[in-house]
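Just so we're on the same page: letters track the sequence lines, and every chain starts at 1. Since we're looking at a predicted model, the values are computed, not measured.
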Amino acid sequence: MVGLNEYLIFAAILFCIGLYGAVAKKNAVAVLMGIELMLNSVNINLIAFNRFLTPSEVTGQVFAIIVVVVAAAEVAVGLALILNIYRQRLTTDVNDLDWLKW
Amino acid sequence: MVSPITFWIVAGVTILAALAVVSLKNLIHSALWLVAAFVGVAATYLMLEAEFLAAVQVLVYAGAISILIVFGVMLTRRGDIRESNLFTRYRVSGGVISLGLLVVVVSSIMKSKWIISREIVPENNVGLLAQNLLGQYVIPFEVAAILLLVALVGAIIIAKEVRD
Amino acid sequence: MDGFPILLSIVLAPIIGALIIILIPEKDEMVIKITAALATFVSLVLSLYAFITYDKSVGGLQFLQDFIWVERFGINLSFGVDGISLPLVLLTAIVIFTGVFASWDMKNRSKEFFVFLLVLVAGVFGVFVSRDLFWFYLFFEVAVIPMYVLIGVWGSTRKEYAAMKLTIYLLVGSAFALIGIIALYLYAKGQLGYGTFDIATLSTVNFDIAFQKFAFFLMMIGFGFLVPMWPLHTWSPDGHVAAPTAVSMLHAGVLMKLGGYGLIRAGVFLFPIGAKFWAPLIAVLCIVNVVYGAMVAMVQKDLKFVIGYSSVSHMGYVLLGIASMNYLSLDGAVAQMFAHGIMTALFFALVGNVYHKAHTREIAAFGGLAHQMPRVAAGFLIGGLASLGLPGLNNFVAEALIFLGSWRVEKILFGFLHFRVLSILAIFGVVVTAIYVLRVVQKVFFGPRNPKWDHLTDAKGVEMVPIVILVGVLLLFGIFPSLLIDTINVGIEPLVAKIAAAVEIGGIF
Amino acid sequence: MQLQLSDFALMMPEIATAVLAVGILIVGLLVPRNQTKGIGFLATAGFIGILILNFTYLGVNEKVLGGLYLADPFSMFFRFLFLTAAVVVVLASRDYVDNLKRNQGEFYGLLAAATLGMMLMAGAGDLITLYIGLELMTISFIILVGFQKTDAKSGEAGIKYVILGAMSSAVLLYGLSLVFGITQTTIISEIAAQITETGVTPLLLLGMVFLIAGFGFKVSAVPFHMWSPDIYEGAPTPTTAFLAVASKAAGLAAFVRVFMIALPGVEPFWSGIVIVLAALTVVIGNFIAIPQTNIKRMLAFSSIAQAGYILFGLIAFSSLGVAALLFYSFIYVFSNVGAFGVAIAVRNATGSDEIKDYSGLAQTSPFLAAIMLASLLSLAGIPPFAGFVGKFYLFTAVIDQGLIWLAFLGIGMSMVSVYYYLIVVKAMYFGKPKENSKPITISGSLKLALVLCGVGVTFLGLYSTPLINMALDVAQIFFPF
Amino acid sequence: MIQFAWLIPVLPIIAFAVIVFLTRRMQMVSALTAIVAMAGSLIIAIGVLVQVFSTNITIAEPVELVVRWLEVPGSLLIEAGVLIDPLSSVMLFVVTSIAFLIMIYSIGYMKGDPGFSVFFAYLSLFSTSMLGLVISNNYFLTFMFWELVGLSSYLLIGFYWNKDSASDASKKAFITNRVGDFGFMLGMFFLFLLFGTFNFQELSVAIPAFANKTLLTIVALLVFVGPIAKSAQFPLHVWLPDAMEGPTPVSALIHAATMVAAGVYLLARGFVLFESAKTALLIIAIIGGFSAVFAATIGLVQRDIKRILAFSTMSQLGYMVMAIGLGSITAGMFHLTTHAFFKALLFLGAGSVIHAVHTQDIFEMGGLAKKMKTTTWTFLIGSLSLAGIFPLAGFWSKDEILVTALNAGEIFGVPFLGPLFLTLGLLVAFMTAFYMFRLIFVAFFGSEQAGQEAHESPISMTFPLVILAVFAIFAGFIGTPFTDNGFAAWVYYGHPHLPEPNYFIMIFSTIVAFAGILFAWIIYGKKAISAEKLAVRFSAIHTLLYNKYYIDEAYQWFFDKVFLRIADGCRWFDRTIVDGIADGFGDGLREMGARLRFIQTGNLQNYALVIFAAVVIIALWLAVPVLGGI
């Protein structure tokens, strides 16, 4: 029998992997990928809660849909920005983006 | 209810795919593994009897987002693709913090007790979802539309090449 | 003039003057100056009117005006003056009026100068006429920032450093006072059931001993920065030196008095027990002020530094008067604030005059200046004599009252140091003052004619206005002190009653 | 549950703003490129109209869709704030927009969209609405930050903002999901009741920590502030101004709403964290501001510090505290936009944001210098400007809770802030203007914006009564007793 | 007349104001204004004197006229009041008359000086202060005028302020007096503390009833510090010789006749205090006696005519102080009165000489007796009076002091004190006679100096000389032991002690005086003994005396090497330590900011790490108490 906790832990692992990808990869696109993983793990959380605790309602799923929309929008804007910066500096390495500091 | 074996297989594959995404050095490979991870998540949704979400997941993520990402990879290609996805100097510290977060979250989860509902998922799950989205949750739904519009306009403004 | 808002007008006159000046084109310097003079003249006339018509037989706060402001916090814009604040209002009016004339030769960006100067003085007036602690504090801070600009733009000698130092010091000081005021407000709210910043109402609250100790400490540090109490004083000589003439006058003449006034109003009056507890510390530090300030003044090379440190020394007397906490000494403290204000304004007006013409203030560079500038020399000598407490001039009366008051204190500090020892040291300060004042007078003004300074012209015309007025005031209240002291008495009386009613507790030492 | 006609009436400001946003985007597409002046007027008029409309909601306290959306004094106050900010920013961005070659309509449209997002955050009665509002705002801002495509700094700021913003929203979202899971509801007012029923669990606290991180990011509280100096510096100045005041206020609105309404039960746990964060914010923000040489970056650190002060109001956990918080957030609009407005003017004239290039501003452009002076003094909390009154209320609120040390810290750091603000004043007033430097000419609307800000900080400094009374009334909804 | 007594000090101040504000440019008008005002005061003073002696006003039952001056309810009442009794009325007469004469003299002496008007203004200011000091009815007012005479003295000593020596001297005078005033003030405050009043009359009732004699002694000694400085007693005498930098009429009026006597007057006025503290009285007598001898020894070798007179003044003041210390205000005041006249005469004579020869060194003068007849004769009369030659004024007053000294043993109950003080007195008498006649023999009768065009001074200068000479001869007769109802019957403390003629002392003191004159004649008149050889023989002593025992040098050393160094140390401490800490604090904060800014690395992943690290840390922080550890 798979309980709620297993799903939550699964989501947590996914979240942390995504986080690791987001902070440890040079390529801005890879960073965005990591973020997507994090958002997905949240969705697992939401749907699992919905399923186990309030199966007769769909609040969690509604929330998850919204999250999906937001994720899509963020990626779209993010990629546009990456494209823009690539045109200017010919790099997608986030470590090179340190003109603004101190 | 889903059998534990199915769950563990799906979860294991998804986690492995995610690990591959963050550990591979070739961005293309990472992107492909990301698609796999998204599919795994969709499978998880299915196990949780959220069929509509699973469909959305496959369509939006595995389809649209992955394509967007590949698109991005193509546009930003420079140098050797096999060395396109390297680690930063936060390889270790990032790992420590991620692991720390994992420990904190998991230990908190382990201490939680849930009152599991005995109710079953209603048949007309998708219909209910539709009613909710256009009824009670109409505001977020409408705003999401505006949000997409904004993102669209923004992406165009920013990505459009300047010709001066 | 019944019903005429005298105090409000005193505060508003400079502000209106400033607003008018903003509208005048920069090139019409004369119009700007006349406007400034007129605005301050209005304040002066009204202050004089208030001073003369204040009913001493009734006493208390008079010329009251109230505007409900933030009702739910108990903040009211309320004005009123009593025997303590009235002389200080008059002092401010005199000093700023003469200050405008002392800056008559201002040529560089005079429009901005007078705008800031008038805003500054409006703040100072506001402090003295406010009966509401919130506005008291607000007006005080209004006075600080114009000072920064005034010193930084029109000053001299490390002006930017001095301006910053002065501003930060004053604000840090006021920060302590602000915390004290808020704590006081909240405590009183707990007791009264409603919030109020009205000083008179707050004074009826029974603050417990622990709170009084705490709150008075905050006030002591806060206003101690302004007075300035040793070792929080170093901003003041630097500030004095750097500031342009009128600002030095206002700064040393009036701004430092805000500290003494605040300490009396928001310190001793509200927390008599706390005051008794901390008084020994103030007493010890103020003696350091007096003697050490005078000693440092002795070896200064810049004329303004001498006066700056002499202010430190003289304000020590004010603190001594407050620390002694009796009728005579508090009377003397207020009188000393007035007297020192006039005296030091005179000094700065004269030094400014000399500096403006000679472009140096180095004592060693001068000598025999009385040949070229006899009037300035005479004025400086009179100021010096006032400074060293010569009878017949206002300062003597004030200092004598402080000494007499402190002499009466029968307290033993640290278990062995009799309070009277401090009084004796303070009185000895007068001797040291005489030494450095006369040395400076001699070195600058006496001696053979120095042809190097033959191009200097004596003070004349408009330049004489500050000298004549300030000397006149020194003499008037020096010869007829009861004109001033009778008013102060009326103000001090309730304070003394409050102190007498307070529980006697051991001091800090 | 369906949307009723009366619900539309309750949401008119939001709907109007949505219409304005979309409308401007469309108009922007239709209008020929050389006749875009009207868009600015349209945006200004639109925002002013909505601002006036908003006043008709004075005293309204209704729920929409069973509490999913709230038309209460709190949301009304924040709408008032956002719209005021929008009006002055739109006015102030005039000179910037005129210099844009294209996308002028989009600039105003995105501004309106961001405003809509903020309004939703303030009015949200459930977590989903709150989240989507937050994202609408964030994404609009991301685009506005990266708007200056030709400017590499702007692009870099955009990327930083999108990545960090997405990460923070992931964190916030994770927290929201946990809260949703524990309480099985997304309706904020019902969460509290659920928590009293189930009690405090470790996972709830963890969720709370994630929420603090998420909201802390939006209000730029240390250590979640790291993004803001870079983004503030890189973004176009009007965007920075709007970001600094409105985005922060919106984050604060959500923060207050969630923590005061949904999580009062765990107040003992979060108050300690918020105290530490606020103290750190005030200290770090002020310290790092000292050595800055770029005015926008300096103002960024200063605005971090200001966030710390504002959090004092949350810490106080009293109606006085909330009122002080609201009051301060509001006057902060005038203070900050005033300062940024001058920065826009100077940037337009000299092409520089460096403080040393402000030298002699008081002589070439006394009006700009005076507004800058008033704004900076207001930020520093010096009377007679509004910042003083705001800080006064905030400190009163925390001292009332017995946190005197925090008040001391706050005031002490204010003194530090005076130091670096005065460095700008020093440049403007003490410095000599460069040779043959001409007075800076600014457009009428920027002038109007600056006058509004100057009048705002002065008037509210001297006569804070109407605003603080309003804020106190609003705070009643959190502490009705 | 008594009801107008308050006008006596007021008239001169009016003259001062008129001169300063109106007539500064009209020299003669200024002088006349001052003189007319002074004459008015003189007339009133005479009227008061006559009325006091014709009605029954005594020191114990004086007349007081008061107005409220400064009041702090329940704490302090200071009145501006005049106190008319024989003591003050005599003093008023002395001051007004001498001031009047000296003003007349000054017309001639100051002629052509650019500061002519100012000079008269200052003299008027001085007169007001001095008369106010004399006439006031309480310590506080006395103190105020006491300081104001110090101011006038400062202004007048520094009258030639373009000379560095003059401005130095004026500064020295003021500061030295300040030190004295410091003590006076403390004593006065003690009186107020103990008795709650400054009023002389009220104190004279309260003090004798006060039990704590030790405290009274301290108070009395503190008050006495004032007179030590003002009357140039050891060790605060250093200013007086330097004060001779002022114009000679000033030296005559202020530094010989009146102001320096104020100390003696104060001792007399407040005698009830000293009387109640016998130890203090003895110390006063000792200081007075010592100063008398001390100054006289210095006077023996000085070359400057005014300095000789200055040390003589100091010596004579010591005499007076000693007399009062020995319990007789009658003797002290009597000598004060006669001394005022003959010492003023001597100074004016000296001024006349200086006016003629433009030098002050007596060895650069000589043979003046032939050229300046009036001056010589009057100077001689003054000198004889000072030397105490029968029957001139000085004889009678000195005689009374010596009689008092002889009785000193009885007052203090220590038998040997009588002979001791008598010996001191006679020693001073001898030296006085010697140095005065040394002066006369050298300056007036010595060989003429080549190229000196001395001639007699104008009438405005010689007229006062003659008048004062008359006083110097006859003033003593008001107080001889053979006069009934004379000085002793007016000015006394407690009960009048009408002096019995003591022929032994009369004769003996006359012999001593003649011995001094003879000795001077042998050395300087006949030149039987070479002064130069004596000086070489006793060179150590001579150098010591000539340099005034090096006391000025000691003070100067103290001021330069100790006082200024301490001051410099304070300055250093202030700038380096106090300011350094404040500045260092500010710099520290700035430095902290400069370092902290580097946490903002500009790397977005770093920022993200910070965010998540913070989340983990906060969670762990909460976990410690809540979860009992993870």
K.L.:
Counting only heavy atoms not in B:Ile115, do more than 12 fall under 6.0 Å of its CD1?
P.N.:
no
K.L.:
Please state whether the side chain, the backbone, both or neither of D:Phe210 comes within less than 4.5 Å of a heavy atom of chain B.
P.N.:
side chain
K.L.:
What are the two closest non-hydrogen atoms of B:Ile158 and D:Lys149, and how far apart are they?
P.N.:
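Taking B:Ile158 first and D:Lys149 second, the nearest heavy atoms are O-CD, 3.2 Å.
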K.L.:
Among D:Leu136, D:Thr129, D:Ile128, which one satisfies side-chain contact (heavy atoms from CB on, under 4.5 Å) with B:Val143?
P.N.:
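Exactly one pass, corresponding to D:Leu136.
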K.L.:
What distance do B:Ile139 atom CD1 and D:Leu120 atom CG have between them, rounded to the nearest 0.5 Å?
P.N.:
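Reported value, rounded in 0.5 Å steps: 7.5 Å.
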K.L.:
By a 4.5 Å heavy-atom criterion (distance strictly below it), what part of D:Leu130 contacts chain B: side chain, backbone, both, or neither?
P.N.:
neither
K.L.:
Testing the basics here: between B:Gln136 and D:Leu68, what is the closest heavy-atom pair and its distance to 0.1 Å?
P.N.:
O-CD2, 3.2 Å
K.L.:
Do the non-hydrogen side-chain atoms of D:Val209 and B:Val104 ever get within less than 4.5 Å of each other?
P.N.:
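Heavy-atom side-chain distance check fails, nothing below 4.5 Å.
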K.L.:
Just how far is it from atom CG of D:Leu206 to atom NZ of B:Lys111, taken to the nearest 0.5 Å?
P.N.:
12.5 Å
K.L.:
Give, as side chain, backbone, both or neither, the part of B:Ile156 having an atom under 4.5 angstrom from any heavy atom of chain D.
P.N.:
neither
K.L.:
For D:Thr198, is it the side chain, the backbone, both or neither that has a heavy atom under 4.5 Å from a heavy atom of chain B?
P.N.:
neither
K.L.:
Counting C-beta onward and ignoring hydrogens, is there a side-chain heavy-atom pair between B:Tyr137 and D:Thr186 closer than 4.5 Å?
P.N.:
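Touching, per the 4.5 Å side-chain cut-off.
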K.L.:
Pick one of side chain, backbone, both or neither for B:Ile109, based on which atoms fall under 4.5 Å of a heavy atom in chain D.
P.N.:
both
K.L.:
Between B:Val150 and chain D, with a heavy-atom cut-off of 4.5 Å, which part of the residue counts as in contact: side chain, backbone, both or neither?
P.N.:
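Contact with chain D involves both backbone and side-chain atoms of B:Val150.
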K.L.:
May I ask you to name which of D:Leu203, D:Leu116, D:Leu204 has the most heavy-atom pairs under 4.5 Å with chain B?
P.N.:
D:Leu203
K.L.:
Are B:Trp114 and D:Ile182 packed together at the side-chain level, in the sense that at least one heavy-atom pair is separated by less than 4.5 angstrom?
P.N.:
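They are in side-chain contact.
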K.L.:
Kindly indicate, with the supporting measurements, whether the criterion side-chain contact (heavy atoms from CB on, under 4.5 Å) is fulfilled by D:Leu25 and B:Leu149.
P.N.:
CA-CA 10 Å; D:Leu25 285 177; B:Leu149 172 68; 4.1 Å; yes
